[in-house]
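One structure below.
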Amino acid sequence: MRRLGTSVTMLFTASLLIFVVLRVLPGDPVTILLGPGNRGIGEEDIQEYRAKMGLDKPLLVQYFIWFSNFLRGDMGNSLFSNEPVRNMFSGHIMPTVQLTLAAIVLAIVFAISLALVGAIWPRSLVDRVVTFIASLGMAVPTFITAIILLLTFGIFWPILPTRGYIPFGEDPIGNLKLLTMPAITLAFAAMAPILRMLRASLAEASSSPWTRTAEGKGLLWNRIVLKHVFPNALIPSLTFVGITFGRMLGGAVLIEFIFAWPGIGTMMVDAIFKRDYAVLQATILFAAIASITVNFIVDLAYGFVDPRLRLKA
Amino acid sequence: MKIKIGTGKRKPPLLIALLVASLLAPWGVPSGSAANSVLKYGYTGGGLVGLNPNQITSGTQRVVAPLLYDPLVKINKEGKLVPWLAESWSVSKDQRTWTFIVRTGVKFHNGRRFAASDVMRNLRWISDPANKSSQANEVGKIEKYRVSGLNKISITLKNPNSQFPGSLVFIYMADILNIKSSNIKYSANGTGPYKINSFSSDNYVYLKKNGNYWGNASKLDEIKIMRSPDATSALLSLQSGALDMVWNVAPNSIPSLRANKSIDFLNTDVFTGVHVLMLDTKSAPFNNPKARQALSYAVDRETIVKTAFGGVGEVSLTSTPLGTKDTAYKSGLNKYTFDLDKAKALFAEAGIKSGDTLTFWTLAGRRFEWVAMAQILQSDLKKIGITLDIQPQETASWLGKFYPYPKSFPNTIVANFLSPPPINAYQMNVYTTGGCECKWDDKAYDDMMKSALASTSQDEYKTILGNMQAKFNNEQPSVVVLTAANITAYRNSVKGAWLLGEGTPQLIDAYMD
């Protein structure tokens, strides 16, 4: 309950900060909305439109209106398209959730597989390859990974579509084909730090006294790694997976931009450029909620992974 | 004792290799390769927030509007004004009352018949200040309407205007009667060759052929206009065939695209868009015409067009809004050939000395050609001791610096691209009082504009436009660097698309080979 209370306080503070900071930024949504090509528009027209949108009210009043509406489930309307933000979310949330889940699952599967391979055959060629992959994932910017994939599987060996999104329900195969490259790109970047952390934890756990005891008892090394070393090495990586997952849910902006994947990240960046306050507040708050929720779940998951932590709690 | 664990015990399982191989296995034909009757058009910026054709704030909306809606008159491929929903028109002797005969047999997408009264409704909607229409300035000149029968409308203007039909080329006819103001952005009920299939704000709009179109039947079944936010991946999608056409290509991408034999660029005979350096003519130091002239001399247009714009565009040595191929272009004006000595002398006369700093305001993350242009100018100004502080800004901040009129932006050079209706009078009209954020207000120029619009003789009209160019050339309210169009790259399987002078691709006649 205490954790829940802290999370709610954090969300409230985040919402207030987001609200104020956005309005302090230079640039006005109304000037963008009416456009520089709109001859004959003057400052009085801008002010009139601001008033129509409620942007002329004191900041605290605006915040109160927005927050009370938000609590009632009304996230407001986009200043530009006049579309309810809730509807906009419904169009963008599934692509984000799908991409994030696919990427995190791929990242975890590959990180665990490679880390275990490295732990089972330490200091072998395979282990060196694993270390190299981890370093590569850390060093290569996501943008470059994406472009390499696009060039390879979109241009030179055109087996995958390069852009766009089709809902899974509409065309499952088309959806998976479109998902492949963005998910791999995102997973590669997310996998590297998880892999490094897990590999280091496994190495540390491998040289612990209880590992030697287990080996002394004649247990097979594979079994020692999988049954004893791995669960003990999992905790630090779990934290990192939680942080990464929460961050991804907030929108993988660059990946979404490159692959024209219409997720929350694209929606957020558009809203930043246009100063579409209602959309921006909702997307940033969503990112904060996602991050806090995932971390909350990770906190709870510690107890399942390590019963000692459950007892301490 | 140190225990060595797992040395050379086992080999990596085959499973890993299989997993990697399965990821690399072909997945069949990419979704990009659809049937030939579908055109996939990509745009890199944002801006497709709504489908209201008379509330346009982005270039992509200009591409979509003529597909869903029709105007009364249109500019054709040759740059000539041609009848469209208006079959014919005539004007009174005083050039104030224009009578249009509209086509019969035209229907909106919902089946309702289009009539002359719809013209009035649309023009009224546009002129209603509450709607803040982007075309309000053109319609604002109307004094009254008279609708006679189903297909005749007379429009009386406040002032004589011999070029009035030209102002209607971007005014589209929507079914105002059946569109509530709240959903006009989404209900694309026009008379155009394509109907709306689905629309996601700032994401995509899918159009399907209008089988009941009054004009020539469309050759495409569908046009998919899709956003590709990242420019690099948009061009890769063009090369892969996932897109057939990409609008607003950065000039620095041209050389690599030219290497691809299946890609071409839309071109036009007469460029009507202008890249300008906008200056605040009411604030120091650019309130002094000599400072503006000095800047004009300091701009190395040849190098800028060649390197920053990839050679696409026409150098504007006379620094006026009309390109050299325009019928009203005035030759023989002073040429602002790159001359740093002249620039230095004029800057000094205007009080700008060695050691002074000017600010260059440009966009960040897009319009890379402006940043390159700024860097060339920065390097040249440095040679005469003037520092140019380049400030790339995201759109909201860039716009907030100079918009709306009459915002003050002293000591600042703002890069901008102007694309008024491709009619020379309207290109010149931008600089009449209240029209340009540069705040230039020259009564003589305004009077000449009125005279040009009132003129019934084509020769007189051209002469007046020539005098206006001379005035502009001397005063330099903005420094015109080049006339150009936004660049559109396309796969050469696309045929029939063409470009308006300011760079809007026209897809109405497009088809797939």
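Chain naming here is simple, since letters A, B, ... match the order of the sequence lines and numbering starts at 1 in each. All of these numbers come straight from a predicted model, not from anything done at the bench.
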With B:D202, the side chain to side chain contact (heavy atoms under 4.5 Å, CB included) member among A:D270, A:T266, A:D276:
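The single option meeting the side chain to side chain contact (heavy atoms under 4.5 Å, CB included) with B:D202 is A:D270.
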
Are more than 12 heavy atoms from other residues, nucleotides or ligands located less than 6.0 Å from atom CD of A:Q47?
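Above 12, so yes.
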
CZ of A:R223: more than 12 outside heavy atoms within 6.0 angstrom?
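Open.
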
Between A:I155 and B:S240, which heavy-atom pair has the shortest distance, and what is it?
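Taking A:I155 first and B:S240 second, the nearest heavy atoms are CD1-N, 3.6 Å.
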
Can you see which heavy atom on B:P229 is nearest to which on A:F257, and at what distance?
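Scanning both residues, the minimum pair turns out to be CB-CD2, 3.3 Å.
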
Close side-chain approach of [X] and [Y], heavy atoms under 4.5 Å:
{"X": "A:F143", "Y": "B:D230", "value": "yes"}
{"X": "A:T31", "Y": "B:P404", "value": "yes"}
{"X": "A:T162", "Y": "B:L236", "value": "no"}

Measure B:A231 against the heavy atoms of chain A and call it side chain, backbone, both or neither at under 4.5 Å.
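Neither part; nothing is under 4.5 Å.
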
Per-residue contact mode, B:S237 against chain A (heavy atom under 4.5 angstrom)
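Interface part for B:S237: both.
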
Look up atom [atom1] in [X] and atom [atom2] in [Y], then write down how far apart they are to the nearest 0.5 Å.
{"X": "B:T395", "Y": "A:I272", "atom1": "OG1", "atom2": "CD1", "result": "12.0 Å"}
{"X": "A:L254", "Y": "B:S233", "atom1": "CG", "atom2": "OG", "result": "9.0 Å"}
{"X": "B:L399", "Y": "A:D28", "atom1": "CG", "atom2": "CG", "result": "9.0 Å"}
{"X": "B:N203", "Y": "A:M267", "atom1": "CG", "atom2": "CE", "result": "11.0 Å"}
{"X": "A:L151", "Y": "B:T232", "atom1": "CG", "atom2": "OG1", "result": "10.0 Å"}

Closest-packed option against chain B by number of heavy-atom pairs under 4.5 Å, given A:W261, A:Y49, A:F259
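Maximum pair count with chain B is reached by A:Y49.
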
Proximity breakdown for A:I258 and chain B, heavy-atom pairs closer than 4.5 Å:
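Its backbone and side chain both get close to chain B.
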
Backbone N/O of B:R227 and side chain of A:R163: donor-acceptor pair under 3.5 Å:
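Yes; judged by distance alone, with no hydrogens or angles, the pair exists.
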
Using a 4.5 angstrom heavy-atom cutoff, name the option from B:G400, B:S419, B:S397 with the most pairs to chain A.
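Result: the option with the highest number of such pairs is B:S397.
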
